[in-house]
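Worksheet: one structure, shown below.
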Amino acid sequence: MRIRLLSMVVISSIMLLVVGGGGAVYLVNSARESTEWAELASSTTAPAILMVSAFQEERRLSLLRLAGDFSSAPALTTAKQRSDEALAAVIAKGDAARALNPDGSREDIEGYNALFAMVPTVRTGVELTRISADEVFAFYTGVIGTIIAASMLAARVAPDAKVGIELGYAVEQLRAAEALSQADTLGSVALTTGEMSAVQLVDFGRRVGEFRGEAAYSATVLKGRRLAQLSEITASPQWQRVLAMQDAMLLRGPVSGVYDDTDLPADLAGWQDASKQVGAGLQKLWEDQSGDAHVIAREQGERDTGRALLGGALVALAAVTAFLIALMMANRFIARMHRLRHDTLELADERLPEVMRRVSAGETVEGTVQGSRLDFGTDELGQVAEAFNRAHVAAMSAAVAEAQTKAGISTVFVDIAHRSQVVVHRQLALLDRAERDESNADQLDLLFQLDHLATRARRNAENLIILGGEQPGRRWRHPVPLLELVRGAIAESLDYTRIVAKQLPQVRIAGHAVADVIHLLAELMDNATAFSPPETQVVVSGIVVGRGVAVEITDQGLGMPEAETAERNAMLADPPAFSVGALSGTSRLGLFVVATLAGRHGIVVRLSESVYGGIRVVVLIPSALAEAADPESAISGQFPAVAPRP
């Protein structure tokens with residue numbers, strides 16, 4: 001086997017190293033460079049547009065908020081959410097940006113991230129009006145400027161000069177859209193506040209000039225469909241409305257006081273709507289022009305790939321020849337390996353689980369007889385198969401032994417529980433007789449305490465019987481009122497004096513479930529008294545609901561963490577098979593017994609936090625186990641509440 005493996009590796013390696021070498025790798029990598037760049041650049045375009053639009057809108061609404069326009073608050077909240085989503089998408093593309101320029105983009109991206117991290121601080125300043133409008137305008141302009149800078153970075157690292165030029169032409173439309181948004185924001189604030197100083201007017205005019213200059217320059221460099229697309233934007237009514245509003249505000253000059261917009265070509269809402277449509281058109285033009293550059297890069301990558309494939313044809317031919325030689329030598333060996341894998345998986349996935357199922361069902365299985373031997377000769381592969389045979393036999397033997405051990409342990413503690421139960425029953429009978437004959441109050445109280453301890457011991461013995469899969473000895477033939485069940489459960493609780501039964505409906509529980517329901521409630525009451533302060537009470541109440549009868553047990557303890565409560569509820573809903581592993585790490589055996597009893601009768605038990613901070617347990621007894629005290633009533637009806645006897 002060693003010779004065969006060496007033959008495959010040596011022949012293939014020598015052929016690939018001598019014939020292929022590093023030349024083929026270089027050709028393929030060079031051919032893929034343009035395509036990879038185009039894919040990376042394309043993946044960042046859509047998130048960039050979303051971010052520019054979102055932060056332009058947030059900038060405008062933030063300045064309106066600072067200007068006293070409180071009606072913009074709902075729209076500002078929505079704009080913040082859109083900005084956060086867009087910013088998250090752009091940040092997620094950080095790795096792609098590093099891939100575009102791994103040597104020079106690290107510092108730029110770190111600077112962008114530092115700027116992005118200041119967004120929550122600026123938003124807080126806007127909400128509290130503790131930041132100036134100029135600072136807000138400059139900050140959001142800087143955030144949007146990162147997209148423009150990233151676009152220039154993509155053009156600078158383009159794989160071809162023609163691609164870089166096309167991307168550079170596309171940036172002009174993005175700048176025009178941003179200058180338009182800036183002018184729109186400043187004009188909106190002026191119309192809202194009714195004031196525009198000389199300095200603000202100059203700034204507004206500078207933004208207008210930049211917008212028109214970038215649009216005019218784009219008309220000189222764009223060609224074909226993109227030029228027609230720009231012409232369609234500049235010929236639109238929205239474009240004319242924007243220009244008219246800008247000219248009107250520039251001609252009006254500085255204003256102080258109420259800004260009268262009756263002589264303006266359009267109102268504020270119409271101006272903003274027209275600006276949004278023009279800006280969206282310019283951004284779409286930037287996206288399309290960038291897409292044209294990406295198409296050029298892809299086509300170049302495809303041409304280079306074709307040349308690389310042609311040059312590597314001889315390398316592929318040599319590699320295939322070497323592979324065929326190695327395949328001929330290893331074909332038989334590979335077939336044997338496949339057969340070994342198939343047979344081994346069959347043992348692990350089918351035969352061993354079948355043995356475990358039969359053992360769990362109580363069948364007697366000899367582990368050494370069940371597994372078929374794997375026969376693969378005497379070489380190294382045959383030795384591996386023999387090792388699998390021994391491991392399989394050992395696994396089945398261990399499984400059988402474990403199942404037998406579990407069955408023996410279960411039988412032992414169930415037998416012990418039955419014996420303890422017999423002794424406790426006799427003890428209870430003696431205590432009952434002693435209580436009837438005793439007239440001394442102190443002695444009678446002591447006998448009552450012993451009676452409750454013996455009752456608790458009986459329930460502990462029943463716990464072992466239940467966990468062992470058998471039924472306790474107590475039985476009822478006829479339905480029993482729910483009130484009597486609750487009293488019986490209280491009587492079986494160790495700290496029964498702290499348990500208070502409040503209103504309970506007049507409902508009877510089926511006789512075959514009475515013992516288990518009493519046991520279940522007693523375990524929950526014991527938990528409630530054990531994990532709550534001794535001076536507090538545990539309250540038990542009940543109500544008829546649509547699916548049956550709900551009994552609530554509420555304590556005033558410290559409660560449980562949410563994670564632990566969820567874990568206990570999951571165990572109560574689907575109790576695992578009883579074993580040492582099922583109860584490892586926990587001492588709450590009572591909840592496991594509760595889960596077993598609830599699953600036996602379809603009872604739902606749910607833990608939650610009580611109004612006192614402790615635990616509130618809801619036990620939902622299904623309608624199949626409950627019936628009205630009055631035979632003419634339906635269980636779905638509401639029954640009058642009955643307070644328990646003192």
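For clarity, every value in this text was computed on a predicted model and none was experimentally measured.
Within the model, atoms CG of Leu625 and CD1 of Ile603 stand 6.0 Å from one another, a figure rounded to the nearest 0.5 Å. Thr596 contributes atom OG1, which lies 10.0 Å from atom NE2 of His519 (distance to the nearest 0.5 angstrom). Atom CG of Leu483 is separated from atom CD1 of Ile509 by 11.5 Å, given to the nearest 0.5 angstrom. One finds the CD atom of Gln537 at 12.5 Å from the OG1 atom of Thr529 (value rounded to the nearest 0.5 Å). Here the CG atom belonging to Leu50 is positioned 12.0 Å from the CG atom belonging to Leu87, to the nearest 0.5 angstrom. Going from atom NE2 of His601 over to atom NE2 of His512 covers 6.0 Å, rounded to the nearest 0.5 Å.
When each of Ile621, Val486, Leu597 is tested with Val517 by the rule side-chain contact (heavy atoms from CB on, under 4.5 Å), just one qualifies, namely Ile621. Only one option out of Val551, Val549, Ile543 pairs with Val507 in a side-chain contact (heavy atoms from CB on, under 4.5 Å); it is Val549.
Partners of Pro533 by side-chain contact (heavy atoms from CB on, under 4.5 Å), not counting sequence neighbours, listed by chain and number: Glu535, Thr536. Every residue meeting the side-chain contact (heavy atoms from CB on, under 4.5 Å) condition with Val539, not counting sequence neighbours, appears here in chain and number order: Lys502. In this structure, the side chain to side chain donor-acceptor pair (under 3.5 Å) partners of Glu127, at least two apart in sequence or on a different chain, are Lys80. For Thr129, the side-chain contact (heavy atoms from CB on, under 4.5 Å) partners two or more places apart in sequence, or in a different chain, are Arg65, Leu66. Taking Ser62 as the reference, nothing meets the side chain to side chain donor-acceptor pair (under 3.5 Å) condition, with sequence neighbours excluded. Here Ser610 pairs with nothing under the side chain to side chain donor-acceptor pair (under 3.5 Å) rule; sequence neighbours left out. Every residue two or more places apart in sequence or in another chain was checked for a salt bridge (Lys or Arg N to Asp or Glu O under 4.0 Å) with Glu567, and none qualifies. Shown here are the salt bridge (Lys or Arg N to Asp or Glu O under 4.0 Å) partners of Glu85, two or more places apart in sequence or in another chain: there are none. Every side-chain contact (heavy atoms from CB on, under 4.5 Å) that Arg547 has, sequence neighbours left out, goes to Val604, Leu620. Here Glu609 pairs with nothing under the side chain to side chain donor-acceptor pair (under 3.5 Å) rule; sequence neighbours left out.
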(request) Start with the C-alpha gap between Val619 and Leu524, add the side-chain angles, then the distance that decides, and say whether side-chain contact (heavy atoms from CB on, under 4.5 Å) holds. (result) CA-CA 10 Å; Val619 180; Leu524 294 175; 3.5 Å; yes
(request) Walk me through it: do Arg82 and Ser53 pass the test side chain to side chain donor-acceptor pair (under 3.5 Å)? (result) CA-CA 9 Å; Arg82 293 181 60 241; Ser53 301; 5.7 Å; no
(request) For the pair Leu482 and Arg508, evaluate side-chain contact (heavy atoms from CB on, under 4.5 Å) and give the outcome as yes or no after the intermediate values. (result) CA-CA 5 Å; Leu482 176 62; Arg508 296 186 298 177; over 6 Å; no
(request) Check the pair Asp495, Thr497 against side-chain contact (heavy atoms from CB on, under 4.5 Å), reporting the backbone distance first and the verdict last. (result) CA-CA 6 Å; Asp495 204 355; Thr497 57; 3.6 Å; yes
(message) Phe531 vs Leu558, test: side-chain contact (heavy atoms from CB on, under 4.5 Å). Steps then yes/no.
(response) CA-CA 7 Å; Phe531 293 98; Leu558 298 178; over 6 Å; no
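The heavy-atom pair separating Tyr496 from Ile490 by the smallest distance is CB-O, 3.2 Å. Heavy atoms only, all atoms of each residue included: Leu504 and Ser541 are closest at CD2-C, 3.6 Å. Heavy atoms only, all atoms of each residue included: Leu572 and Leu591 are closest at CD2-O, 3.6 Å. The minimum heavy-atom distance linking Ser83 with Ala54 is given by the pair OG-O, 3.3 Å. The two residues Gly546 and Ser623 come nearest to each other via the heavy atoms O-OG, 4.2 Å. Here the closest non-hydrogen pair linking Ala79 and Leu61 is CB-CD1, 3.9 Å.
Proximity of Thr565 to Ser608: side-chain heavy atoms (C-beta onward) are nowhere separated by under 4.5 Å. Looking at heavy atoms from C-beta onward, Met51 lies in side-chain contact with Phe116 at the 4.5 angstrom threshold. Taking the side chain as every heavy atom from C-beta outward, Glu552 and Val540 never approach each other to under 4.5 Å. The closest side-chain heavy-atom distance from Glu484 to Val514 is not below 4.5 Å. Within the 4.5 Å cutoff, side-chain heavy atoms of Ile553 are placed close to those of Leu521.
The backbone N or O of Gly614 lies less than 3.5 Å from no partner atom in the side chain of Asp555, so there is not a single donor-acceptor pair. Between the side chain of Thr554 and the backbone N or O of Arg616, no donor-acceptor pair lies under 3.5 Å. Side-chain atoms of Arg606 never come within 3.5 Å of backbone atoms of Asn569 as a donor-acceptor pair (strictly under, hydrogens ignored).
Applying the salt bridge (Lys or Arg N to Asp or Glu O under 4.0 Å) test to every pair with at least one member in residues 112-122, sequence neighbours left out, gives no pairs at all. Among residues at least two apart or in separate chains, salt bridge (Lys or Arg N to Asp or Glu O under 4.0 Å) pairs with a member in residues 45-61 are Glu57-Arg60, Glu57-Lys276, Glu58-Arg123, Arg59-Glu178.
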